[in-house]
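Comments concern the structure below.
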Protein chains: 2
Amino acid sequence: MNARYKIGEFAKLVGLSTYTLRYYENEGLVVSQRDDNGVRFYTDEDIKWLGFLLHLKGTGMKLNDLKDYVKWRAQGDQTIPQRRALLRRVQKESEAEIREREANLAVLRRKIAWYDGKLDQSISHDESFEDYLKRFE
Amino acid sequence: MNARYKIGEFAKLVGLSTYTLRYYENEGLVVSQRDDNGVRFYTDEDIKWLGFLLHLKGTGMKLNDLKDYVKWRAQGDQTIPQRRALLRRVQKESEAEIREREANLAVLRRKIAWYDGKLDQSISHDESFEDYLKRFE
DNA sequence: ACTTGACTTAGAGCATACTCTAAGCGCTAT
DNA sequence: ATAGCGCTTAGAGTATGCTCTAAGTCAAGT
């Protein structure tokens with residue numbers, strides 16, 4: 001246990017590039033420790049944090065919001081109300097986006113079904129199925 | 001009927017800016033007709049098309065894919081198979097994104113619930129509700 | 001010794017989709 | 001006649017989030 005990962009290995013573990021990890025560190029989203037030579041290292045704790053951060057990001061949460069979250073997290077438990085309020089807002093926004101997308105998808109699905117019907121007709125009325133298949137040879 | 005809308009009015013009707021409409025026209029996503037003075041006008045047909053285009057866009061479909069779609073549409077019914085294939089691809093991608101987002105949202109919801117529990121505890125164990133409320137004054 | 005991978009700062013480049021400005025001109029309604 | 005809207009081209013700017021390069025240094029492993 002107590003594994004130490006250098007940035008290259010860590011990058012593979014979390015599925016980001018080393019560029020992105022340094023970028024995130026600059027932005028204050030991730031912290032790293034340094035060994036005697038000033039080389040970054042990460043721990044299993046950091047893997048967990050990155051995993052959670054990527055989940056938040058995957059809900060559509062912006063880096064700026066993540067920065068607030070990280071800032072509050074560092075300030076301890078008294079900022080839990082702010083953090084919860086932030087996550088709730090992100091939740092609402094994300095749910096709204098999903099609903100919108102579903103509505104748009106419904107339209108797209110109907111259009112595909114309409115194309116299906118069109119192509120069915122072109123099979124059953126205009127030509128035999130054999131002839132139809134020939135068109136794609 | 002046979003209403004003609006100039007770009008300003010049309011923009012309001014479809015919820016886009018005049019800049020964006022001209023941009024879309026440049027990109028080949030929308031066409032407009034011109035009056036005797038070279039001024040763009042749009043019809044109810046164009047409102048329908050814009051509506052559909054925005055639904056497609058709302059599924060996450062990229063402008064480049066929309067350009068292909070529009071190009072094929074202009075070529076007539078023989079491109080229906082291509083259009084259907086494109087929309088199916090977009091559908092799959094969009095559904096996959098929604099599933100991902102839902103999974104990430106599930107994590108976010110659990111975190112919020114965890115904060116809820118933390119705050120419940122901090123009310124019921126560490127201080128009175130009165131004291132708790134005072135913290136936010 | 002040499003390769004590999006780490007470090008730094010600063011800045012450019014990329015992708016997507018707009019968004020707006022400049023500069024100059026034309027039509028229409030008040 | 002003046003405001004308001006429309007037209008043009010060309011290009012700059014904005015937002016988000018990376019992605020990569022340059023140029024030079026350093027340390028560990030083979």
Side-chain angles (χ1 to χ4, degrees), chain A residues 3-43 46 50 53-70 86 89-90 93-94 97 100-101 104, chain B residues 3-43 46 50 53-70 86 89-90 93-94 97 100-101 104:
Chain A
R4 290 182 166 201
Y5 311 102
K6 283 196 283 187
I7 197 168
E9 199 186 353
F10 187 65
K12 276 170 200 153
L13 287 171
V14 299
L16 295 175
S17 70
T18 58
Y19 299 127
T20 303
L21 282 171
R22 292 196 198 95
Y23 169 68
Y24 278 5
E25 188 168 324
N26 267 330
E27 298 296 306
L29 299 179
V30 181
V31 280
S32 62
Q33 303 177 72
R34 302 298 178 112
D35 69 14
D36 294 342
N37 294 311
V39 173
R40 282 176 188 83
F41 71 87
Y42 302 87
T43 66
D46 298 317
L50 241 300
L53 182 147
L54 292 179
H55 279 305
L56 291 185
K57 199 173 163 298
T59 65
M61 190 170 175
K62 301 278 194 241
L63 295 200
N64 274 339
D65 283 334
L66 279 164
K67 286 179 200 174
D68 284 343
Y69 185 83
V70 169
L86 172 56
R89 201 201 75 217
V90 170
E93 288 170 357
S94 191
E97 273 180 48
E100 251 197 73
R101 202 167 253 235
N104 289 315
Chain B
R4 290 180 165 201
Y5 310 103
K6 282 198 283 186
I7 197 167
E9 198 185 354
F10 187 66
K12 275 170 199 152
L13 287 171
V14 299
L16 296 175
S17 70
T18 58
Y19 300 127
T20 303
L21 283 172
R22 291 194 201 96
Y23 169 68
Y24 279 5
E25 188 168 323
N26 268 330
E27 298 295 307
L29 299 178
V30 182
V31 279
S32 63
Q33 304 176 70
R34 302 299 180 111
D35 68 14
D36 293 341
N37 293 312
V39 173
R40 283 177 186 81
F41 71 87
Y42 302 86
T43 66
D46 298 317
L50 243 300
L53 183 146
L54 292 178
H55 278 306
L56 291 185
K57 198 172 164 301
T59 65
M61 190 170 175
K62 302 279 191 236
L63 294 200
N64 274 339
D65 282 333
L66 280 165
K67 286 178 200 173
D68 284 342
Y69 185 83
V70 170
L86 172 56
R89 202 202 74 217
V90 170
E93 288 169 0
S94 192
E97 272 178 48
E100 253 197 71
R101 202 166 251 232
N104 289 315

Exercise for review: Residues of residues 53-66 of chain A with any non-hydrogen atom less than 4.0 angstrom from an atom of DNA chain D: list those, numerically ordered, please.
Suggested key: A:Lys57, A:Lys62, A:Leu63

Check your understanding: Rounded to whole angstrom units, what separation is found between the CD atom of A:Glu25 and the P atom of D:dG17?
Key -> 19 Å

**Study point:** All salt bridge (Lys or Arg N to Asp or Glu O under 4.0 Å) counterparts of B:Lys12, not counting sequence neighbours
**Key:** none

Practice item. State, yes or no, whether a side-chain contact exists between A:Leu56 and A:Val90 at a heavy-atom distance under 4.5 Å. Key: no

Practice item. Apply side-chain hydrogen bond (donor to acceptor under 3.5 Å, both in side chains) to A:Tyr23 and list each qualifying residue two or more places apart in sequence or on a separate chain. Key: none

Point to revise | Listed partners of A:Ser32 passing side-chain hydrogen bond (donor to acceptor under 3.5 Å, both in side chains), at least two apart | key: A:Glu25

**Study point:** Separation of atom CZ in B:Arg40 from atom P in C:dG26, rounded to whole Å
**Key:** 18 Å

Practice item. Please name all residues satisfying side-chain hydrogen bond (donor to acceptor under 3.5 Å, both in side chains) with A:Tyr24, sequence neighbours left out, ordered by chain then number. Key: none

**Study point:** A:Asn26 CG to C:dC7 C1', straight-line distance once rounded to whole Å
**Key:** 13 Å

Practice item. Ignoring backbone atoms, test whether B:Tyr24 places a side-chain nitrogen or oxygen under 4.0 Å from the OP1 or OP2 oxygen of C:dA17. Key: no

Check your understanding: Excluding sequence neighbours, so at least two apart, what forms side-chain hydrogen bond (donor to acceptor under 3.5 Å, both in side chains) with A:Gln33?
Key -> none

Revision key, fill the gap. Comparing A:Arg22 with B:Tyr23, nearest DNA chain C nucleotide closer to 5' gives the residue A:Arg22

Review point. Which of residues 4-16 of chain B have a heavy atom under 4.0 Å from DNA chain D?
Key: B:Ile7, B:Gly8

Point to revise | Note, A:Tyr42 side chain near A:Val14 side chain (heavy atom, < 4.5 Å) | key: no

**Study point:** Stretch residues 31-39 of chain A: residues that reach within less than 4.0 Å of DNA chain C through a heavy atom
**Key:** A:Arg34, A:Gly38, A:Val39

Review point. Taking only residues two or more places apart in sequence, or in another chain, which ones meet A:Glu93 in a salt bridge (Lys or Arg N to Asp or Glu O under 4.0 Å)?
Key: A:Arg89

Please produce a list of atom pairs where a protein N or O lies less than 3.5 Å from an N or O of nucleotides 20-25 of chain C.
none

Exercise for review: Figure out the CG/P separation between A:Leu29 and D:dC18, and round it to whole Å.
Suggested key: 9 Å

Exercise for review: Have a look at B:Phe41 and say if it touches a base, only the backbone sugar-phosphate, or nothing, with a 4.0 Å heavy-atom cut-off.
Suggested key: nothing

Check your understanding: With A:Lys57, which residues qualify under salt bridge (Lys or Arg N to Asp or Glu O under 4.0 Å), at least two apart?
Key -> none

Point to revise | Shortest non-hydrogen separation from A:Phe10 to A:Thr43 and the atoms involved | key: CE1-O, 4.3 Å

Using the 3.5 Å cut-off, write out each protein N or O paired with an N or O of nucleotides 13-15 of chain C and the distance between them.
none

Practice item. Would you mind reading off the distance between A:Lys67 atom NZ and D:dG17 atom P, rounded to a whole angstrom? Key: 8 Å

